[in-house]
Participant: 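Below is the structure I would like to discuss, written out as structure tokens.
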Amino acid sequence: MEFNIDFTKNIFSENKEVIIFDKCDKNVCLLKNPLNNSFLSHLRKPLPEKLPVTLRSGRGFKLKKNKDKLSKTLSSYIVPGEYIGIESSTINTNLINFLLSTIEEIFDLKPNRLISSRFQYNIFPLNASYNTLSLIPHVDLVSKKNNNIPIAININLNLDEVMKTGFFENKKFNSKVYTKDFIEKNNLNGDFFNDFNFQKVLNENDTFSYSDEIKLNDWDKYQELDLYPGDISIYLGNYFHTPILNKNRSNKNSFRISIAAFLIYSDEVTNLLMSFKNSETLIDHESLNGYRLES
């Protein structure tokens with residue numbers, strides 16, 4: 001075993017193209033290949049050669065030679081693959097600063113409003129079928145208790161696989177978003193699964209399916225985002241969305257690999273209250289690193 005020493009060279013490519021999608025109310029953006037190939041290779045290094053298959057009940061996929069099935073009554077937190085957590089403090093500083101400055105520029109969210117962050121490798125097998133619950137439109141980190149702002153980020157680490165994300169509008173409520181205000185206005189209870197009667201979707205579909213076969217009669221897909229290798233998507237997590245995982249016609253045993261990040265920014269009221277609190281302790285010490293490698 002050896003340390004994956006942080007990348008010290010330039011991480012950026014020459015490409016500065018940013019696409020903002022009007023159909024998503026300009027709250028979804030695509031950064032076209034902003035990172036260079038050397039840094040993308042560095043981001044792939046920690047991935048294991050063999051991926052452990054979890055035994056957790058929320059596994060959202062079925063390998064073609066695997067006969068287990070999941071109950072239809074599981075929660076909607078099912079992931080159509082495996083994920084490996086990444087400690088946020090190990091993410092390259094230049095990448096973090098780039099992401100935060102992009103979010104500030106496009107969404108007008110300053111870094112001092114950031115409450116929490118989570119990073120992970122998402123690894124979805126393409127030679128599989130997927131639990132219907134992992135294919136339905138969902139939102140990320142929305143609560144009926146606050147108006148905090150969720151931001152979702154995806155970095156495509158594949159060498160040639162194009163990742164697709166679909167954005168949906170609910171026909172009943174004519175809404176593209178799910179927020180605290182939306183919950184209150186429509187007298188909903190904040191239980192996402194029941195608010196949109198997803199049991200009906202489960203009853204109308206097989207337990208395992210594909211994005212190009214699932215029946216979503218109460219939903220309209222109005223935007224599909226193509227994320228080419230090296231591309232980065234950033235969007236408000238309270239917009240209904242889902243990964244697009246169509247049936248793999250080639251039977252090639254490959255994976256859809258990305259770094260996913262979920263950031264929570266405070267709403268304006270919470271941010272004002274936070275500004276009155278001093279949460280830092282000032283100390284005089286040469287370093288706050290827990291160890292130093294000796295040559």
Side-chain angles (χ1 to χ4, degrees), residues 2-21 24 26-49 51 79 81-111 114 116-124 126 140 150-167 223-237 239 241 243-245 254-265:
E2 61 182 26
F3 285 104
N4 186 29
I5 303 299
D6 194 17
F7 196 82
T8 57
K9 301 176 183 177
N10 174 46
I11 72 170
F12 299 108
S13 69
E14 298 297 321
N15 201 333
K16 308 293 183 185
E17 183 182 3
V18 178
I19 301 172
I20 297 177
F21 295 88
C24 302
K26 298 186 176 181
N27 287 316
V28 174
C29 73
L30 175 63
L31 313 182
K32 293 297 295 178
N33 199 24
L35 308 174
N36 63 43
N37 289 334
S38 295
F39 183 61
L40 289 171
S41 296
H42 172 79
L43 292 177
R44 286 191 287 265
K45 278 185 179 179
L47 290 167
E49 289 187 18
L51 181 65
V79 178
E82 304 292 351
Y83 60 86
I84 301 172
I86 306 173
E87 167 57 43
S88 299
S89 64
T90 66
I91 303 293
N92 180 273
T93 302
N94 291 325
L95 176 59
I96 292 290
N97 290 338
F98 170 68
L99 294 174
L100 294 181
S101 63
T102 302
I103 291 168
E104 181 176 5
E105 180 180 346
I106 294 175
F107 301 99
D108 195 26
L109 294 169
K110 295 185 181 300
L114 183 62
S116 67
S117 63
R118 187 176 90 230
F119 289 80
Q120 63 193 46
Y121 288 106
N122 277 351
I123 307 169
F124 300 167
L126 299 181
D140 298 323
I151 293 286
I153 301 170
N154 283 288
I155 305 174
N156 186 351
L157 294 185
N158 294 295
L159 296 176
D160 51 22
E161 184 70 31
V162 178
M163 292 172 45
K164 295 178 180 288
T165 302
F167 290 86
Q223 181 73 60
E224 190 166 289
L225 184 67
D226 289 339
L227 207 64
Y228 284 81
D231 287 354
I232 301 176
S233 62
I234 306 177
Y235 51 88
L236 290 185
Y239 274 66
H241 62 280
I244 301 299
L245 295 163
S254 57
F255 296 90
R256 165 180 154 160
I257 303 171
S258 66
I259 289 179
F262 306 95
L263 311 184
I264 296 289
Y265 285 80

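Quick note: residue numbers are just sequence positions, from 1.
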Participant: Can we call the ring centroids of Phe107 and Tyr265 under 6.0 Å apart?
Facilitator: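 They do not qualify: ring centres at least 6.0 Å apart.
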
Participant: Once you round to the nearest 0.5 Å, how far does CG of Leu157 lie from OG of Ser258?
Facilitator: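 Here the rounded value is 6.5 Å.
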
Participant: Which pair of heavy atoms, one from Asn158 and one from Met163, lies closest together, and at what distance?
Facilitator: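 Closest approach of Asn158 to Met163: ND2-CG, 3.8 Å.
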
Participant: What's the separation between atom CD in Gln120 and atom CD1 in Ile84, rounded to the nearest 0.5 Å?
Facilitator: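 Nearest 0.5 Å value for the CD-CD1 distance: 10.0 Å.
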
Participant: Show the nearest heavy-atom pair for residues Pro111 and Glu104, with the distance to one decimal.
Facilitator: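 Heavy atoms only, the tightest pair is CD-OE1, 3.5 Å.
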
Participant: Between Ala260 and Asn154, what is the shortest heavy-atom contact and its length?
Facilitator: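 In this case the closest contact between Ala260 and Asn154 is CB-OD1, 3.7 Å.
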
Participant: Hey, what's the ring geometry for Phe167 with His241, parallel, tilted or perpendicular (30° and 60° as the breaks)?
Facilitator: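 Tilted, since the angle between the ring planes falls between 30° and 60°.
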
Participant: Can you label the angle between the Phe7 ring and the His42 ring as parallel, tilted or perpendicular, going by 30° and 60°?
Facilitator: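 The arrangement is tilted - the two ring planes meet at 30° to 60°.
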
Participant: Before accepting this row, confirm whether a basic side-chain N of the pair Lys164/Glu224 lies closer than 4.0 Å to the acidic partner's carboxylate O.
Facilitator: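 The answer is yes: the pair qualifies as a salt bridge.
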
Participant: May I have the step-by-step check of ring-ring contact (aromatic ring centres under 6.0 Å, His included) for Phe21 and Tyr235, ending in yes or no?
Facilitator: CA-CA 10 Å; Phe21 295 88; Tyr235 51 88; over 10 Å; no

Participant: To the nearest 0.5 Å, what is the distance between CD1 (Ile155) and CG (Leu95)?
Facilitator: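 Answer rounded to 0.5 Å: 5.0 Å.
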
Participant: Can you tell me how far CG of Leu40 sits from OG of Ser13, rounded to the nearest 0.5 angstrom?
Facilitator: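 Between atom OG of Ser13 and atom CG of Leu40 there are 8.5 Å.
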
Participant: To the nearest 0.5 angstrom, please state how far the CG atom of Leu227 sits from the CD1 atom of Ile244.
Facilitator: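 Rounded to the nearest 0.5 Å, the CG-CD1 separation comes to 12.5 Å.
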
Participant: Can you list every pair that meets salt bridge (Lys or Arg N to Asp or Glu O under 4.0 Å) and has a residue in residues 30-40, with sequence neighbours left out?
Facilitator: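 Matches after skipping sequence neighbours: Lys32-Asp231.
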
Participant: Looking at Glu105, I'd like to know if its CD atom is crowded, meaning that more than 12 non-hydrogen atoms belonging to other residues, nucleotides or ligands lie closer than 6.0 Å.
Facilitator: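 No.
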
Participant: Is it true that atom OH of Tyr228 has more than 12 heavy atoms of other residues, nucleotides or ligands lying nearer than 6.0 Å?
Facilitator: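 Not more than 12 within 6.0 Å, no.
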
Participant: So, for Asn33 and Asn15, which heavy atoms are closest and what is the spacing to 0.1 Å?
Facilitator: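 Shortest heavy-atom contact: O-CB, 3.6 Å.
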
Participant: Taking atom CD as the centre, does Glu17 end up with more than 12 heavy-atom neighbours from other residues, nucleotides or ligands that are less than 6.0 angstrom away?
Facilitator: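 Enclosed.
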
Participant: Which heavy atom of Pro34 sits nearest to which heavy atom of Gly230, and what is that distance?
Facilitator: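 So the two residues come closest at CD-O, 3.4 Å.
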
